[in-house]
**Q** 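A single structure is presented below for examination.
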Amino acid sequence: MSDVVEKTLSALPSLLSLDSNAGAGKLSSTSKLGNLIRGITELTSKHDEEKLIKKELAAIKEQVASPNTTMRQMKEIMVRAIYCEMLGYQASVSYIHAIKLAQQGSVLEKRLGYLAVSLFLNESDEFLLLLVNTVLKDLQSTNLNEVCMALTAVSQMFPKDMIPAILPIVEEKLTHPKEVIRRKAVLALYKFYLIAPNQVQHIHSKFRKALCDKDPGVMTASLHIYLQLVKESPESYKDLTVSFVTILRQVVGGKLPMDFNYHSVPAPWLQIQLLRILAYLGKEDQGTSEMMYDVLEESLRRAEMNHNITYAILYECVKSIYTVYPKAELLEKAAKCIGNFVLSPKINLKYLGLKALTYVVAQDPNLALPHQMTIIECLDHSDIIIKRATLELLFRITNAQNVTVIVEKMLEFLRQSSNDYSTVDLVGKVAELAEKYPFIKQDPLNLCNGMQPDIPNNFLRLLAEGFDSVEEDRQLRLFAVDSYVLLLQGETASLPQCFLQVISWVRTKVPIGLFPELSRYIFPSILLIFSYYIFSYYDVVLMFSFEYFGSLDTVLRQRAHELMILSQDAGLRGRVLSAEGRLEHVDSSLSFLDGHVSEALAAGAAPYKPPHQRQEELAHEKALSLEPYGLSLPVSLSTCSITDRLTDRQSPTRLSISSSVSGNSTELSLKGGSTTLKLDGVKRVWGKEGYLVQQPKEVVEETPLPPTELPSPLGSFQSPVSQTQTASPGPEPDQERQQLASSLFVGVGTHHSVCLMGRTEAAPQRFRRKPKGTGSSSGTSEHSSNSSHSSSGTAAGNTLDSTTAATGQQISQHALGHPPVNGNPIVETPGPLPPVRDGGVAAEIPTGHTDSGTLADPNEDPVPVRPRDLPLISHLPAELSGLARSKLTTLCPGPDPGLALSSCRVYKEDALVLVVFVSNNSDSTLHRVALRFTSKQLEVLFQTNTTFPIRFSENLPLTVSTGEYGKMWLSFSHDVKQNLRLITAGDQSPLTATLDTLRDRLHLHVVDIIGSEGIVACRLLRGQPCLLHCRVHADSLAVWLRSPIPEFPDSLLYHCQKALAEA
Amino acid sequence: MQFMLLFSRQGKLRLQKWYVPQADKEKKKITRELVQTVLARKPKMCSFLEWRDLKVVYKRYASLYFCCAIEDQDNELITLEIIHRYVELLDKYFGSVCELDIIFNFEKAYFILDEFLLGGEAQETSKKNVLKAIEQADLLQENLDFQIRLFPAPS
């Protein structure tokens, strides 16, 4: 027995002898509770304890039943009953007497009676109804103590249906002269609000009175209610923001009585409560948030003492700052604060730092970067809780590049973890990631093999437990079953036992008929397993089949029947099993392709090399054998589904897709609404023979941009690879950890150029708008108005859906195909707001890029007319509407009054967005509008105010080495192959000439040219790369494109074709 | 707060307060699991646990573990301070409190807790006020004891 127990024992006699015990606890040696406790302490076995308690309970039962027991004795009995309950033995006989004691006892006995009731009974207990009258009586008592007790009891539990009976009296107590009573009344109402919100709706005004109570205790109590109210509907309480801010300012300023100080920090509980309320109020509300910036900053500043309580306030403060509408200065301070938490040697603070990071990385992944090494350390921390928190953090920063490493780490954790809940949670997360990043799912067997050998049992438990709960877990369970079955197939050594477990689980846990869908899913898998072990577990199989015979589901019944027959008929089994066995063994040597391969080789194709060999060659010899055997087939572009990514803010890239899919455009379903690309107005470039060469119909104003004005994109947008290399801090970090860090944090933070964590912000916006030549812009509007007059009177609504004829011209995309245009910008004429009509065009110009302009052309992109009374500004894309912006200016008050061009600047954190509105001022329907952008550095986002967004984009050269290229190549999943025409020019080889053309026109980076092969790289303005592998084959160029984005290769291919056609 | 548990280093429950209704069976299960988990942790480890869908904040004072379960969005550190304030209150009331005080006077510990936390929320954070409320009731007790000694009830 441990020394503490011994100490306890040795202390007992002196304690029990007489009043030697300090404080108010007096205990006579004859006290029955004393005897009981002593008796129990002396016992050594659980069994003896049970016997003793049984005896005790019997004694209690006898005593409470006796009519001679006084209330005073009853009180003593109750104490013992409570003790027995605490030890885990039910003393239900005493429940009713506890209520009686509360009802009939004197003040002191009442107090214990209420306590016993609150400990014995549950909210739903019927006994509680018996208490209502007592509470009612006590609430009306003149004895303050009794009122307090009743209110305390009510705030802990009260039958929901009985609230109306006592509500008026509790309400009345809100105006009681004693602050204790008022405070408890407020808390009682809080409890009522929690269990029956609609019952207390009418007294919300009284809560306000409580908030203004002169006693800080009552005010604090009212904040519990307000936190709930504000959480549920922040809109209704915005008007109170000023009050909360004022209160917080006073508290922080030390205006409260000293009593409320806790370790010389003024009322920390109150502060935290207020911070939480403010967070809810300021969430996504700039106006309200602005009111609280000052006080948030002050709280942050004041809380500097080195004590837990100040950290608690800081933590809450940081959370609030990140919840309310962002303000750069505050965010910076908060980020610093999080940094201190993470770096703290105190483990509790470290944990909270990780939690806070998890909370904020969603907004700014860069915040995690300075703490890479700490995070890596935490990943190996001896405390599993820290590990778990770190994984949670990693889960939030997962991207396509680091997902494999993170999943690996998660599986590693799963292997060690024995905690059911975190296993369930983590398996769920792995499943989620697998869903999100399909390429790790490609090999689920591998994923599961990683889980051997402890995980099967965890999975089993997961399955078993998940089954009692709700439907929404089904997906997870399906995944678990799936993985489990795969695992069983993979690992044969421990199979028999696992197999039996599965059987027993399925038998006991799947109520037949209740989850037919799931059973049906599992059954084939089970069947498969059976097929291997049918010999050894014949009887189990029989049992299993019999059970499923009773199933209502015909499919299940049939399966069971099949299984039954299978198990009985050995001959049949032999045949079936051999058939199944064949199914299991895929011909991995692909020998059936031999003929095809030899043909291809004969035709001049390069022999196939396995991936590892290719990689090796890439790394060592710089050889370029990325081409697979066989000729690449023309890719059917019509099958590409291009989805609108406008709403996807995480997407770092704007895709150029407007004209990339043009072949068979009429076959494309246009029903998808906002998610499908509309292709009307796009010219036909694909015929039966392939690409139809066409001369562009418009002549575009082109002025080459002087090279000095070309922005250096790599300065502001680093490629993922270089990012990680530069971002790892630490003086002499362990090589291995460094490596881990770079693999974990790869790609993190590249979406945002602004980093708040101790780094300077991105260069100030250099964007400057130059006055636009009036001539060109009025020309623009003239053109446009022409088109507006050519309206054919088609109803506005359906013009969008109609597919235009083959004469339709594509929305020109000279942005990509032409050299930069310098200074044909936009007039900044301040003018009156024109009546609102129509669609807008937004051009997004990233910081650091010089401006170019926009041009509109007659063309045919039909735009419906909108009601006049809508302000133009309301057509701003939703993602921009919340941001600061300039006034709307009319661009060209040109000769045509029918069409107006106006623009407005929207200041985004990382870019200046130029929104150009094209509006129809005439009464007639605007039928076709064509816009043409002649710009190099402009990223254009085209949007009419219907649900019809198009994006233009632009690629930038991606400077990588051959080695990096090889690595990236293997990691990208979306590829497209196509043959392009070769350009022959002078003394250059056709390959070099073609690649040079592409480089000049499309800004691609030619990484290397070896022999008849060349590799080229480029990326979108926002970082996503695309790699091209070109190989001269006969008189055409076989190009193989790969990118992490599915649409990019298609799009780029189109531009390559176009560029080469024009050359 | 969802519940508060006090238990000894031997895993014996000393006090339990449930602010969210639970079935008796569930209470026992939770207590058993939690006591095991907390006792298995080493002294230098983090005071916070993620347990089921809750967060558990625990702290050891001498031979007693104080353990609170809070919801996900609650502040762990302030909960740690709630525990500390409760210990301070007990200490003040009993005069350098030890486990035995709580074993033998657990109802008093409950009364103090009820004055400090109500319905799972901090009700009165002023130490003075909590103790005042308790002492008032105790005064009543002493008066009563005195009366009984002077005028014993007829038996």
Side-chain angles (χ1 to χ4, degrees), chain A residues 2 4-5 8 11 15 21-25 27 33-34 37 79 82-83 86-88 90 106-108 111-112 115 119 122-124 145 152 155-157 180 183-184 187 190-191 217 220-221 224 259-260 262 267-269 272 308-309 311-312 315-316 347-348 351-352 383 385-386 388 421-422, chain B residues 8-10 13-17 19 21-24 28 31 44-53 63 75-78 80-81 84-85 93-97 99-101 103-108 110-111 114 118-119 121-129 133 136-138 140-141 144 153:
Chain A
S2 80
V4 172
V5 177
T8 310
L15 190 82
N21 187 24
L27 216 59
L33 175 70
I37 294 171
V79 174
I82 295 174
Y83 191 79
M86 189 154 64
L87 290 176
Q90 223 173 13
S106 68
V107 178
L108 281 170
R111 188 174 172 216
L112 201 95
L115 175 67
L119 291 172
N122 254 337
E123 218 146 58
S124 49
N145 277 310
T152 307
S155 326
Q156 301 199 37
M157 59 173 73
V180 179
R183 189 181 70 218
K184 287 191 194 264
L187 282 166
Y190 169 62
K191 178 73 182 177
T220 313
H224 294 306
D259 282 350
F260 290 91
Y262 177 84
W269 280 272
I272 283 173
N308 254 346
I309 197 73
Y311 293 129
Y315 180 63
E316 204 62 49
I347 189 156
N348 287 346
Y351 172 80
L352 287 182
D383 191 344
I385 298 300
I386 300 279
R388 184 76 190 75
Y421 194 84
S422 68
Chain B
S8 70
R9 224 173 59 173
Q10 287 76 38
L13 200 59
R14 295 303 179 206
L15 194 131
Q16 55 173 343
K17 189 86 192 176
Y19 295 109
Q22 299 275 8
D24 281 344
K28 273 187 205 167
T31 311
K44 282 277 167 71
M45 282 182 168
C46 188
S47 304
F48 315 128
L49 281 177
E50 275 156 43
W51 186 78
R52 299 200 186 174
D53 53 346
S63 57
N75 189 316
E76 290 95 336
L77 280 175
I78 200 77
L80 212 51
E81 295 313 299
H84 189 72
R85 175 40 66 97
Y93 180 77
F94 287 107
S96 102
V97 69
E99 192 186 338
L100 286 173
D101 290 324
I103 297 175
F104 286 101
N105 298 288
F106 61 86
E107 81 276 14
K108 295 272 194 315
Y110 275 120
F111 288 141
D114 282 349
L118 196 50
E121 305 286 352
Q123 168 196 186
E124 177 55 88
T125 55
S126 153
K127 193 151 73 175
K128 202 178 80 187
N129 288 354
Q136 223 166 19
D138 282 342
L140 220 65
Q141 167 108 44
L144 209 68

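What you are looking at is a predicted structure, and each value in this text was computed from that prediction instead of being measured. In what follows, every chain begins at residue 1, and chains take the letters A, B, ... in the order their sequences are listed.
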**Q** Among B/Lys127, B/Lys128, B/Lys44, which residue forms the greatest number of heavy-atom pairs with chain A at distances under 4.5 Å?
**A** B/Lys128
**Q** Enter the distance from B/Asn105:CG to B/Phe94:CZ here, rounded to the nearest 0.5 Å.
**A** 4.5 Å
**Q** Considering non-hydrogen atoms only, spot the tightest contact between B/Gln123 and B/Asp114 and give its length.
**A** NE2-O, 3.0 Å
**Q** Regarding A/Asn348 and B/Ser47, do their side chains bring together a donor and an acceptor under 3.5 Å, going by distance alone?
**A** yes
**Q** Taking all non-hydrogen atoms of both residues into account, name the closest pair between A/Pro268 and B/Ile78 and its distance.
**A** CB-CD1, 4.1 Å
**Q** At a heavy-atom distance under 4.5 Å, which candidate from B/Gln16, B/Arg14, B/Lys17, B/Met45 has the highest pair count against chain A?
**A** B/Met45
**Q** Contact part of B/Ala133 toward chain A, heavy-atom cut-off under 4.5 Å: side chain, backbone, both or neither?
**A** neither
**Q** Measure the spacing between CD1 of B/Ile103 and CD1 of A/Ile37 and express it to the nearest 0.5 Å.
**A** 7.0 Å
**Q** Could you look at B/Leu13 and say if it's the side chain, the backbone, both or neither that has a heavy atom under 4.5 Å from chain A?
**A** both
**Q** Name the region of B/Phe106, side chain, backbone, both or neither, that has any atom closer than 4.5 Å to a heavy atom of chain A.
**A** side chain
**Q** Flag the pair B/Phe48 / A/Leu352 as yes when at least one side-chain heavy-atom distance between them is below 4.5 Å, and no otherwise.
**A** yes
**Q** Between A/Asn145 and chain B, with a heavy-atom cut-off of 4.5 Å, which part of the residue counts as in contact: side chain, backbone, both or neither?
**A** side chain
**Q** B/Glu76, B/Glu107, B/Lys28: which one forms the most heavy-atom pairs within less than 4.5 Å of chain A?
**A** B/Glu76
**Q** Looking at A/Lys191, A/His224, A/Glu316, which has the largest count of heavy-atom pairs under 4.5 Å with chain B?
**A** A/His224
**Q** Considering only heavy atoms and a distance below 4.5 Å, find which of B/Ala23, B/Cys46, B/Ser8, B/Ala122 pairs most often with chain A.
**A** B/Cys46
**Q** Among A/Ile272, A/Ile386, A/Asp259, which residue has the highest count of heavy-atom pairs closer than 4.5 Å to chain B?
**A** A/Asp259
**Q** Given heavy-atom pairs under 4.5 angstrom as the criterion, report whether the side chain, backbone, both or neither of A/Tyr83 touches chain B.
**A** both
**Q** Once rounded to the nearest 0.5 Å, what's the spacing between atom CZ of A/Arg388 and atom CG of B/Leu49?
**A** 12.5 Å
**Q** Could you tell me if the ring centre of A/Trp269 sits under 6.0 Å from that of A/Phe260?
**A** no
**Q** Only pairs of heavy atoms separated by less than 4.5 Å count here; which of A/Gln90, A/Met157, A/Gln156, A/Met86 has the most with chain B?
**A** A/Met86
**Q** Quick check on A/Tyr262 against chain B: is it the side chain, the backbone, both or neither that has a heavy atom closer than 4.5 Å?
**A** both
**Q** According to side chain to side chain contact (heavy atoms under 4.5 Å, CB included), who are the partners of B/Gln22, at least two apart in sequence or on a separate chain?
**A** B/Trp18, B/Glu26, B/Lys27, B/Ile30
**Q** Below 4.5 Å from any heavy atom of chain B, which atoms of A/Thr220 appear? Answer side chain, backbone, both or neither.
**A** neither
**Q** Under a 4.5 Å heavy-atom cutoff, which of A/Ile82, A/Leu119, A/Val79 has the most pairs with chain B?
**A** A/Leu119
**Q** Looking only at side-chain N and O atoms, does A/Ser155 offer a donor or acceptor that is under 3.5 Å from a partner on A/Lys184?
**A** no
